Amino acid sequence: MGGTPAAARELELRHPGGVTTVVLGDGALAAAAERLADWTAGRALFVVSTPRVLALHGGALEALGRAPARLQVLEVDEGEEAKTLATAERLWRAMLAGGGKRDSRLVAFGGGSATDLGAFVAGCFLRGIGCALLPTTLLAQADAAIGGKSALDLPEGKNSVGLFHHPDLVVGDAAWLRTLPAGELRSGLFEIVKMAAVLDATLLDELEGRLDDLLAGDLGALGAAAAAGAAVEARVVAADPEEHGERRLLNFGHTLGHAIESALGYRGLRHGEAVGYGMLFALRLAARRGLAAADGRRLRDLLRRMGLPPLPALAGDDLVARLQRDKKAREDGLVWVLPRAAGAGSLARDVTVDEVRLELPPFLADPFAV
Ligand SMILES: NC(=O)c1ccc[n+]([C@@H]2O[C@H](COP(=O)([O-])OP(=O)(O)OC[C@H]3O[C@@H](n4cnc5c(N)ncnc54)[C@H](O)[C@@H]3O)[C@@H](O)[C@H]2O)c1
Ligand SMILES: [Zn+2]
């Protein structure tokens, strides 16, 4: 990404079901317009989006509307609220009423919530129709729209029902990021830092070098960072589509991050920010396992520069209980992703509950201390 002018970048993600073409960066929609037209030509097209995204960036519908036999917009709530079975059922029924067939297409246009919902709805409708994702947040362009995972929430837990359904196309225009609130932008950046910290030393250098531009909302830098993040994700997903090995490194910061989010009732910190704190805690565990002090300092400094909001008051015992519940969800116990060096991570299975119980209170008191 280093300093190159803003432009659309294209990559291919190979997966067991075929290939997904991903187009990201400034001008991505224009660059993909012809492909979208071929993909929708003569078919019924359903566009799942939210009122805010349509109000801000509804001009994209013009590019989508050129070729299909007909286009129907299906509006859903903003954000996580939309990820329910009730919403999915409403969409399936609207699609049937609107003449949806096996060869119909679905486009999800919005943040990761809309793309998660849209991919799920497409994956189940008539046992699966083709979908394209048009992510409009940094988090969704670099992460949520890449990799074929889709999910809905149940009252019992986030992302409790879902399936792998790879989109045919992902198109994320950097211009859409212009309207994204600074906090949402930063939340997405934490996910890109996460990938760089354990999977890509070159990207880590680049993020450090352009952090000020990224935080200032420079669209060239953001488009390039989204594309670089998506490329890491695509490489890892192609090698490990069902998350048995390397793909698990993408969970860096998420073990404690999820426990923090759930302890806070999903309020007070954004997902990326909770992951930021999760990465800091993982750095602490890694320091006990020989991570060089200079590498640890480098990653901590980057996280500090990104500007985490203060960590709300949390009880260590409560977090441990939540982590243990997470542990039951996996056959092989709780696996932590820890950096071995700046830009390289590994899975650690030797972190005991006692160690976590011991490390949490000093961490909660001063998250940046080692
Ligand atoms: N499937 C995966 O692999 C995966 C990976 C990571 C996250 N996710 C999911 O992604 C979701 C989070 O996605 P998100 O961070 O994009 O949040 P989001 O989709 O909830 O959007 C956040 C807010 O930003 C608004 N918004 C979207 N685009 C905008 C724009 N261009 N300008 C202004 N406002 C805009 C939305 O209306 C919403 O209010 C979570 O549900 C998470 O579980 C999925
Ligand atoms: Zn995440």
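One-based numbering, in listed order, for ligands and for the atoms of each. Since we're looking at a predicted model, the values are computed, not measured.
Among the atoms of K149, some N or O lies under 3.5 angstrom from an N or O of ligand 1. Taking distance alone, with nitrogen or oxygen atoms compared against 3.5 Å, W176 approaches ligand 1 more closely than that limit. Annotation: G112 places an N or O atom under 3.5 Å from an N or O atom of ligand 1; distance criterion only. Every N/O-N/O distance between E191 and ligand 1 stays at or above 3.5 Å.
The residue T115 has no part lying near ligand 1, judged by heavy-atom distances below 4.0 Å. At a heavy-atom cutoff of 4.0 Å, ligand 1 is contacted by the side chain of V53 but not by its backbone.
Each of the atoms 32 (N), 33 (C) of ligand 1 lies under 4.0 Å from some heavy atom of L56. Heavy-atom contacts of G111 reach the following atoms of ligand 1: 16 (O), 19 (O) (cutoff under 4.0 Å).
More than 12 heavy-atom neighbours from other residues, nucleotides or ligands sit within 6.0 angstrom of CD on E75. With a 6.0 Å radius and a threshold of 12 heavy atoms from other residues, nucleotides or ligands, E355 has its CD atom above the threshold.
Using a 30° and 60° split on the angle between ring planes, H254 and H258 fall in the perpendicular class, above 60°. A tilted orientation is assigned to the rings of F120 and W92, their planes being inclined by 30° to 60°.
Under the 6.0 Å distance and 45° angle rule, R304 counts as a cation-pi partner of F368.
Shortest contact from atom 22 (C) of ligand 1 to any protein heavy atom: E184 OE1, 3.9 Å. Closest to atom 37 (O) of ligand 1, if we only count protein heavy atoms, is E78 OE1, 2.3 Å. The protein heavy-atom contact nearest to atom 35 (C) of ligand 1 is L180 CD1, 3.7 Å. At the shortest separation from atom 33 (C) of ligand 1 among protein heavy atoms lies T179 O, 3.2 Å. The shortest contact between atom 41 (O) of ligand 1 and any protein heavy atom is with E80 OE1, 2.6 Å.
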Query raised in the report: Can you list the steps and then say if H165 with H15 is a ring pair (Phe, Tyr, Trp, His ring centres under 6.0 Å)?
Result: CA-CA 10 Å; H165 184 61; H15 51 79; 9.5 Å; no
Query - Chi angles and distances behind the side chain to side chain donor-acceptor pair (under 3.5 Å) call for H57, T179 - result: CA-CA 9 Å; H57 303 293; T179 55; 2.7 Å; yes
Query raised in the report: Between T50 and E78, is a side chain to side chain donor-acceptor pair (under 3.5 Å) present by the stated rule, with each step listed?
Result: CA-CA 6 Å; T50 73; E78 304 301 330; 2.7 Å; yes
Requested in this report: List the steps and the verdict of side chain to side chain donor-acceptor pair (under 3.5 Å) for S104 and R43.
Outcome: CA-CA 6 Å; S104 299; R43 301 164 188 261; over 6 Å; no
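Looking at heavy atoms from C-beta onward, L64 lies out of side-chain contact with F109 at the 4.5 angstrom threshold. Counting heavy atoms from C-beta outward, V193 and M306 have side chains that approach closer than 4.5 Å.
One option in L139, D116, T136 has a heavy atom closer to atom 7 (C) of ligand 1 than any other, and that option is L139. Evaluated by nearest non-hydrogen atom to atom 24 (O) of ligand 1, the leading choice among T137, D77, T50 is T137. When the options R52, H57, H271, K83 are ranked by their closest heavy atom to atom 42 (C) of ligand 1, first place goes to K83. Distances from atom 2 (C) of ligand 1 to the heavy atoms of S113, A144, G147 show the closest one on A144.
A side-chain donor from one of E243 and N251 sits under 3.5 Å from a side-chain acceptor of the other.
The pair R305-D212 meets the salt-bridge criterion, with a side-chain N (NZ, NE, NH1 or NH2) lying under 4.0 Å from an Asp/Glu carboxylate O.
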Between side-chain atoms of residues 156-163 and protein atoms elsewhere (two or more places apart, or another chain), which donor-acceptor pairs fall under 3.5 Å?
from, atom 1, to, atom 2, distance (Å)
N159, OD1, K83, NZ, 2.7
S160, OG, G157, O, 2.6

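Counting only protein atoms, the N, O or S atoms lying less than 2.8 Å from the Zn ion (ligand 2) are E191 OE2, H254 NE2, H271 NE2, ordered by chain and residue number.
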